[in-house]
Amino acid sequence: MLYALLVVLHVPARAQDSLYTIQGVVADEQFEEPLQLVTLQVDSLGTGALTNLDGFFTLRLPAGRWTCRLQLIGYLDAVYTLEVPPSVQEPLVLYMRPKHSLNVQELEVSGRDSPANRIIKNASRNRDRNRLAALNAWECETYNKTTLTLNNISGQKLQKSLLLRPAREYLLANKEDSAMIDSNQRYKVGVFVTETVSRVYHKKGALSKEEVLGSRGSGFESAETGMVTALLAQVDFYDSYVTILERQFISPLAPGAFMNYNFYWLDTLVEAGQDTIFGIKVVPKRAIDPVFKGWIYIQGGSWAIRNLDLRMNADPNINFIQDIRIQQSFERIDNNWVPTLKDIQVDFKNTDKKMGFLGRSITLHRKYLLNAPRPDEFYAGETKLLADNAAYRDSTFWDANRQSPLEQSDSLAFGLVNHLQALPFWKVVRIAHEFFETGKKRFGKFDFGPYSKLVGYNQVEGLRTQLGVYSNYHLSERLSFGARVAYGWKDERTKYGGELMYRFNRIPDIRAGFSYYNDIEQVGIANYELDGAGLLNSLLMYRPLTQLNYYRDAKLWFQADIFPGGNGYFLARHKYFEPAFPFVFSGADGRLHSSYSVSELGTTLRFSFKEDYVIKKTGKVYTGTRYPIVYLEYGAGLAGLLDADVDYHRLKLTVTDKLKMGRLGWMNWTASVGQIFGEVPFPSLYVFQGSQSLAMYVLGGQLDALRSFLGVTNRTNYYQSVSFNLMHFYEFVADQYAVAGADWHLEGWFFKKLPGLNWVLNKLKWKEVLTLRMAAGSLTPENVALNNPVLQDDNREFIRIKAPDREPYVEYGVAVENIFKLFRVDYVRRFNYLNPQVPSTLQGFNFNWGLRVSMNFSF
């Protein structure tokens, strides 16, 4: 960019002490991009300045002619003569020239034992010694600013686009401002800005704590959370793999990095204090590898990173991303090199001619205290604390604690959002935002909906209509309540219910609630009300749901963070089961029954390790962990309590994880084992989750990934049990069981290896997936006899239960995802239990193999 257009006009101000204020920008001569943290030094006066994160600087100089030297690692020193006051009133732009050409072909490969390779090897061997985690303890003050900007808007697009019409007047009014237009005369619009000041503490042994002292932002809260989740990744180039937007990039310092990189020694620098800095150019071997290109500077002796400026490889097959750039700086404190700057920029567009988004997350660290550990008690409790007045800090706080001035572009972003909110157009934007955030329409302090459940269809109810009303946090951040009513036009029955929740504390999260619902459900679908009741889900059910049941469920529950990484959910419920399909079981009185009730006390305990989260008004939003998450469930059915009919105990252990496998992609896997002690009707046994839908339910969900990225859902708060794509509902049940499933996303690894399939990856951007599902279980003779009574003179078709006890049920499949960047097609086969016996309503359907089409959002 031509950053002459990005300069704040330096109107020289004559001060009382006879000093003039000179403002300008320092830019890269080749790319005309701003250069941050450039040192400007006027030696004869003993004064100087440092450019900020957008390349701006301010100098206060007396009248005269002064020599100013500009210095930055990786660039040739630049010397300018400044005339104060200037004779011409125009923006001041200073350029610096990179030391090294970007033309890789001009470099010579020096072999595996070249000086560059030896430097990289030394840096790789000393990775663990140079990490912050190697210190006994450290703490610092951290400032983060995250921005999202709509950019690359042409003047023609601005005039014709209905989407941009509300912002047109504001942009044209500020068209002379560098914050609103770039060197190509294309406009950019700040969507939101958020900034946070924290104090971070860490002690060896994985003890850490963060105190959020101040936080503010403009724009949508969900978007803010999504950007924090996506961009504030723990970028550490001492790791073998660097994770950004949930994609793994191979670090230049990873062992074996020579398989993916060429390294070239560029120069040797000697800084003040006799630090020797080696400049290394990082060049990918192949354009499609998930690696970086750019420069990295290594300090000799310690072999620690001093600076780096790396970009995403040319074509690593990442959706919706044109470029990623990471800049980091480190400084020496007590012979330890600690990070002072992390700047991540992500360009969310695929062509230069289209509008896109530019996301940027800048983190600055200062006021380090090293090797001064606090007592372990200090780190106990929540890992993230929010000061009571963190969201209400005034300008005095931000002026004192903001490590980088809020730029003009950021200020205009705040102003633009305020401008748009006053326009009718904002209502349309709000509706779209609400649809993705909650699925409901907001009217002040109440939400109506959800949209997806207004109309539905199933074989029992026929056409189903539903309306719900729920309070939101604008009414109260502690108390929430809601109710819904639905009507089935075929069964002519009204369904209804309501819920109440009170949050006692946000961090740690402590809440309690009560709910009562009289409705319909499908046993064998996890969360039928969420996943099966809407019109779209109904249309995708190519095998009809004929085994639904009515229920009445009263539930009292309590949820609390017990300790960091430990969450407990406790409930007391009474549930009445009334089948809407032929169903009988033998009662204790020797008679046949079709309805029954249970009274249960139960708990679900969730355990995670080093799991990060962000804080919203409604509580925590978990952002994941690199370790498995464990769930332990227990429930006790109490016969006689509130006229309950059955006694039982149930126990279940689940482990789920997203395993990152580097070059081999990543894998979602879940495994569960459990047992039910007692004699119960089969809907209260473990019903293996089948699928009768065109869009299968895979591990972890599909569009949930998009909603989690937007900060709407807690992707890791609850787990998605293993479902079986070729198993019909009630095909298998058990009282002792084990299930496991895995989806292995190879990210093009297989296509890349086969010469004849290279075009699939390079042109179509398709990626391969391998899937596996397994189920084993058994039934006690008592439960078989209870649920398979001998019936005489009854022509109705009753379900006869069985378990996969002959051998484990297995289904496997292959899939191609990223079709048009959104769709996934699976081919799935049964390994055994072929040609299953099915109810008459499902005869004619094939259960031995199948094709499934689903929507799948991923980067």
Side-chain angles (χ1 to χ4, degrees), residues 74 98-125 127 235-245 247-267 278-298 303 305 307-319 321-328 347 660-666 745-768 818 859:
K99 285 188 174 183
H100 319 292
S101 169
L102 286 179
N103 188 352
V104 177
Q105 283 141 5
E106 293 179 1
L107 300 167
E108 294 183 3
V109 179
S110 303
R112 189 171 181 83
D113 294 325
S114 68
N117 288 350
R118 290 197 295 270
I119 293 168
I120 291 295
K121 286 180 182 178
N122 286 331
S124 180
R125 293 190 189 105
R127 291 186 304 162
V235 174
D236 186 352
F237 282 89
Y238 290 125
D239 288 337
S240 296
Y241 294 92
V242 178
T243 302
I244 307 171
L245 297 173
R247 294 295 302 270
Q248 288 186 295
F249 292 79
I250 302 169
S251 169
L253 300 187
F258 299 97
M259 296 172 59
N260 299 88
Y261 290 101
N262 288 319
F263 299 100
Y264 304 94
W265 177 49
L266 298 175
D267 61 6
F278 298 105
I280 305 295
K281 187 173 183 64
V282 178
V283 180
K285 287 189 173 181
R286 292 167 293 273
I288 62 174
D289 287 341
V291 295
F292 298 98
K293 59 183 178 182
W295 293 271
I296 187 169
Y297 291 86
I298 306 295
W303 306 107
I305 299 173
N307 288 81
L308 60 84
D309 187 349
L310 297 172
R311 292 181 180 270
M312 182 181 76
N313 197 8
D315 188 20
N317 195 8
I318 299 181
N319 293 330
I321 303 299
Q322 179 168 310
D323 192 21
I324 297 175
R325 182 182 184 184
I326 302 176
Q327 296 172 280
Q328 283 191 275
D347 196 346
K660 297 177 180 177
M661 305 171 67
R663 294 180 176 89
L664 296 179
W666 55 277
H745 301 255
L746 282 88
E747 296 292 313
W749 180 86
F750 183 76
F751 289 152
K752 194 186 307 182
K753 297 297 181 182
L754 297 181
L757 293 178
N758 280 342
W759 65 275
V760 175
L761 183 64
N762 296 336
K763 301 297 183 182
L764 300 179
K765 308 297 183 182
W766 289 358
K767 304 172 187 178
E768 64 277 66
N818 205 45
F859 287 106

* Can you tell if the side chain of Trp265 reaches within under 4.5 Å of the side chain of Arg118, non-hydrogen atoms only? -> no
* Asked: Would you say Pro252 and Leu308 make side-chain contact, with heavy atoms under 4.5 Å?
  -> no
* Asked: So does Arg127 pair up with Asp239, basic N to acidic O under 4.0 Å?
  -> no
* **Name of the residue among Ile305, Ile119, Asn307 meeting side-chain contact (heavy atoms from CB on, under 4.5 Å) with Ile296** => Ile305
* Without swapping roles, check the side chain of Asn313 against the backbone of Pro290 for a donor-acceptor pair under 3.5 Å. => no
* Got a second to check how far Glu747's CD is from Leu664's CG, nearest 0.5 Å? -> 11.0 Å
* Asked: Are Leu746 and Lys767 side-chain neighbours, meaning at least one heavy-atom pair lies under 4.5 Å?
  -> no
* Asked: Passes side chain to side chain contact (heavy atoms under 4.5 Å, CB included), Ile318 versus Phe249? Steps please.
  -> CA-CA 11 Å; Ile318 299 181; Phe249 292 79; 3.2 Å; yes
* **Ile298 CD1 to Ile120 CD1 distance, which is reported to the nearest 0.5 Å** => 5.5 Å
* Apply side chain to side chain contact (heavy atoms under 4.5 Å, CB included) to Arg247 and Ile321, showing your working. => CA-CA 11 Å; Arg247 294 295 302 270; Ile321 303 299; over 6 Å; no
* From CA spacing to verdict: side chain to side chain contact (heavy atoms under 4.5 Å, CB included), Val282, Phe263 -> CA-CA 5 Å; Val282 178; Phe263 299 100; 4.1 Å; yes
* Once you round to the nearest 0.5 Å, how far does CE of Met259 lie from CZ of Arg286? -> 7.5 Å
* Side-chain (Asp347) to main-chain (Gln322) donor-acceptor, under 3.5 angstrom -> no
* Under a 4.5 Å cut-off applied to non-hydrogen side-chain atoms, are Asp289 and Pro284 in contact? -> no
* Structure fact -> Heavy atoms of Phe258 and Lys285 approach each other most closely as O-NZ, 2.7 Å
* If only atom types and distance count, is the side chain of Gln248 paired as donor or acceptor with the main-chain N or O of Gly662 below 3.5 Å? -> yes
* Structure fact -> Output for pair (Asn262 CG, Ser114 OG), nearest 0.5 Å, gives 9.0 Å
* Asked: Looking only at heavy atoms, what is the nearest atom pair of Pro255 and Ser240, with distance?
  -> CD-OG, 3.6 Å
* Take Arg663 and Asn260 through the side chain to side chain contact (heavy atoms under 4.5 Å, CB included) test and state the conclusion after the steps. => CA-CA 11 Å; Arg663 294 180 176 89; Asn260 299 88; 2.7 Å; yes
* Of the non-hydrogen atoms in Glu768 and Trp749, which two are nearest, and what is the gap between them? -> OE2-N, 3.5 Å
* To do: Drop me the distance from Met312's CE to Arg325's CZ, to the nearest 0.5 angstrom.
  => 13.5 Å
* Asked: Is the distance between the ring centroids of Phe292 and Tyr261 less than 6.0 Å?
  -> no
* Can you measure from CG (Asp236) to CG (Leu253) and round to the nearest 0.5 angstrom? => 9.5 Å
* N/O donor-acceptor pair under 3.5 Å between Ser251 side chain and Val242 backbone -> no
* Are there more than 12 heavy atoms of other residues, nucleotides or ligands under 6.0 Å from atom OH of Tyr241? -> yes
